[in-house]
Amino acid sequence: MRVFARKTLREFWTNHSESEDALKAWFSEAKNSQWESPSDIKNNYPHASILPDNRVVFNIKGNTYRLVV
């Protein structure tokens, strides 16, 4: 996966410091992933929600935050 807006993540965790470690972990996993289908994502993130138009909602920090990508 190619992540275009790491700056947006960084700005968010600057304002919500408790999310920093979880977002960095997600970013690292997503950047190094080879997801080819929604089932590949669900294998790694069983609580992720697959939405229309190729969007996914990831639960971050035990569902304290939700990341829509």
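Keep in mind the model is a prediction, meaning the values are calculated, not measured.
A search for side chain to side chain donor-acceptor pair (under 3.5 Å) contacts involving Glu36 returns nothing, not counting sequence neighbours. For Ser37, the side chain to side chain donor-acceptor pair (under 3.5 Å) partners two or more places apart in sequence, or in a different chain, are Ser39. Checked against side chain to side chain donor-acceptor pair (under 3.5 Å), Lys24 has the following partners two or more places apart in sequence or in another chain: Glu20.
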Residues 11-18, side-chain donor-acceptor partners within the protein, below 3.5 Å, at least two apart:
| residue | atom | partner | partner atom | Å |
| --- | --- | --- | --- | --- |
| Thr14 | OG1 | Arg10 | O | 2.7 |
| Asn15 | ND2 | Glu11 | O | 3.3 |
| Glu18 | OE2 | Tyr65 | OH | 2.1 |

Distance-only criterion, 3.5 Å: show the donor-acceptor pairs between side-chain atoms of residues 45-57 and protein atoms not counting sequence neighbours.
| residue | atom | partner | partner atom | Å |
| --- | --- | --- | --- | --- |
| Tyr45 | OH | Glu29 | OE1 | 2.5 |
| Arg55 | NE | Pro52 | O | 3.3 |

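Arg66 places none of its side-chain heavy atoms less than 4.5 Å from the side chain of Ile60.
Residue Ser33 holds its OG atom at 7.5 Å from CD1 of Ile41, rounded to the nearest 0.5 Å. Expressed to the nearest 0.5 Å, how far CZ of Phe58 lies from CG of Asn63 amounts to 13.0 Å.
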